[in-house]
Amino acid sequence: MDFQQVFGKPPETQASAPGRVNLLGEHTDYNDGFVLPTAIPQHTTVQLGLSSDRQHQFYSQNLDERVSILDGNHTPSGFSSYIFGCIQVLEQAGYTIQPLAVYVQSSVPMGSGLSSSAALEVATLRAIRQLLNLPLDDVEIAQLAQQAEIHYAGVQCGIMDQMASSLADTEHILFLDTRTMERRVLPLPTGTEVLVIDSGVPRTLASSGYNQRRAECEEAAHLLGVKALRDITDASAVEELPEPLRRRARHVVTEDNRVLEVLQGVTPERFGELMNASHASLRDDYEVSVPALDTLVDILQKTAGVFGARLTGAGFGGASVALVAEGEAKAIANQVLEQYNHAGYTGQILVPASNVEF
Ligand code: GLA
């Protein structure tokens, strides 16, 4: 069903936003640290019009699900909570939002750690900005999207996903300092491309584990007497902390240092080594990997043409990201998936993407 079939009239405007894959800098953003995401070709499109009654009307094409919301009455769940959250944060920012008809369609995989929720939030806010001519820039859009995620999806997330969805493109890496919002657009290392493979293991316990890690980092920063772990640059400074805070803080400090090394300019080989070290740190110190991801990343790291590989996103399941020799991603993926699936899993190539249009 298209917008016209669902709502009985054509849309007034539409906007899109991509998912993202993070190459390096994991679990650093809520520690005021540094990240290196890039956009993926898969995106979410939101079509918008004014609702013909007094309720917001949301429709998800992927789920074939329609939700009506009497504004302010209750907090919805599922896909509609993100859209509702965006409307709420705009109202809290002082804008008056009339009842809307919202139609959503997405090719961003859900539950793989590629920020389908940020894509939905940013696309929704962009579409509303267009419809109502709101004076919001792309950084403000990302900040509002983050507030929607925190308050209406219940994840105490950092700003990376929403900034990546709002500002990154698929051709470059976006370096972001999440404290100052300073950013730089970097090329991918010469002769490389990005390969994303889903582990087939959906992210479970992700929000509770995530919020717990965040609380541990805040406690570690407090014990170290700094505002955030970003303020620690020497990894040996964390050694006196009690466990598990010591290992959590060590991951964040070493991960920030890995991102800053990339910023100085590194070869593809070195970039790959830093990704491998990031995975080991996420697995052993931060403890957000799962056996399936470790198996997948291990196979990737041993495959010719792969510079480096790691889990990407929050962890607890989801996808891996690898930096591979340009032009070889699909052949490498087939080789890796044969071994991985032979181990009893059901992996899937997500980037390079086939079929992202609708
Ligand atoms: C999720 C969050 C981000 C970031 C990553 C981990 O994607 O939404 O803010 O913390 O996890 O790097």
Side-chain angles (χ1 to χ4, degrees), residues 17-40 81-82 85 108-122 139 142-168 173-179 181 183 196 198 202-218 221 228-230 248-249 251-256 258-259 262 274-275 278-279 281-283 285-290 293 310-321 350:
R20 67 97 188 91
V21 62
N22 190 23
L23 295 184
L24 204 59
E26 215 67 85
H27 290 280
T28 50
D29 61 353
Y30 52 85
N31 291 294
D32 281 4
F34 311 104
V35 294
L36 286 174
T38 181
I40 57 172
S81 61
Y82 301 97
V108 184
M110 291 174 207
S112 296
L114 299 181
S115 295
S116 56
S117 59
L120 174 54
E121 290 149 1
V122 171
V139 173
Q143 288 166 332
L144 289 166
Q146 182 199 19
Q147 289 311 308
E149 178 90 25
I150 291 175
H151 298 295
Y152 296 90
V155 180
Q156 300 290 323
C157 67
I159 190 81
M160 166 171 71
D161 302 347
Q162 292 78 12
M163 282 293 281
S165 184
S166 188
L167 289 140
I173 308 174
L174 179 73
F175 164 80
L176 175 67
D177 177 334
T178 63
R179 173 175 281 173
M181 290 292 154
R183 34 189 201 279
V196 180
D198 187 38
R203 297 173 53 211
T204 45
L205 292 179
S207 55
S208 57
Y210 184 94
N211 291 344
Q212 185 196 15
R213 293 297 180 285
R214 182 171 182 150
E216 288 168 347
C217 288
E218 283 165 4
L229 288 178
R230 141 33 174 307
R248 304 292 188 256
H251 164 71
V252 175
V253 174
T254 57
E255 187 79 350
D256 271 338
R258 284 185 278 273
V259 174
V262 167
L274 293 167
M275 291 174 82
S278 169
H279 185 79
S281 178
L282 288 161
R283 181 191 60 210
D285 278 349
Y286 219 62
E287 295 181 289
V288 291
S289 191
V290 291
L293 277 170
R310 54 185 287 276
L311 71 83
T312 189
F316 307 98
S320 64
V321 62
L350 298 178

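Fair warning: this is a prediction, and the values are worked out from it, not measured in the lab. Just follow the structure's listing: the first ligand is 1, and inside any ligand the first atom is 1.
Residue-ligand proximity: Glu255 is placed with every non-hydrogen atom at 4.0 Å or more from ligand 1.
If you check which protein heavy atom lies closest to atom 9 (O) of ligand 1, you get Asp29 OD2, 2.5 Å. When hydrogens are left out, the protein atom nearest atom 11 (O) of ligand 1 is Tyr210 CE1, 3.4 Å; that is the closest non-hydrogen contact. At the top of the distance list for atom 1 (C) of ligand 1, counting protein heavy atoms only, stands Asp161 OD2, 3.5 Å. Closest to atom 5 (C) of ligand 1 among all protein heavy atoms lies Met160 CE, 3.8 Å.
Interatomic distance, NE2 of His27 versus CE of Met160, reported as 8.0 Å (0.5 Å rounding). The CE atom of Met110 lies 10.0 Å from the OG atom of Ser112; values are rounded to the nearest 0.5 Å. For the atom pair CG (Asn22) and OG (Ser115), the distance works out to 8.5 Å, reported to the nearest 0.5 Å.
If you number the atoms of ligand 1 from 1 as listed, the ones under 4.0 Å from a heavy atom of Ala314 come out as 11 (O). The atoms of ligand 1 that sit less than 4.0 Å from any heavy atom of Tyr30 are 10 (O). If you number the atoms of ligand 1 from 1 as listed, the ones under 4.0 Å from a heavy atom of Gly158 come out as 9 (O). Within ligand 1, counting atoms from 1 as listed, the ones closer than 4.0 Å to a heavy atom of Arg20 are 7 (O).
The nearest pair of heavy atoms linking Asp177 to Asp32 is OD1-O, 4.1 Å.
Salt-bridge annotation for Arg213 and Glu287: absent, with no side-chain N of the basic residue lying under 4.0 Å from a carboxylate O of the acidic one.
Of the residues listed (Ser289, Ser278, Ser320, Ser281), the one engaging Arg310 in a side-chain hydrogen bond (donor to acceptor under 3.5 Å, both in side chains) is Ser278, and it is the only one.
Proximity of Thr28 to Thr178: side-chain heavy atoms (C-beta onward) are nowhere separated by under 4.5 Å. Side chains of Gln146 and Asp161 form no contact here, defined as non-hydrogen atoms less than 4.5 Å apart.
Under 4.0 angstrom from ligand 1, there are no non-hydrogen atoms of Gln162.
Looking at Glu26 next to ligand 1, an N or O pair under 3.5 Å apart turns up.
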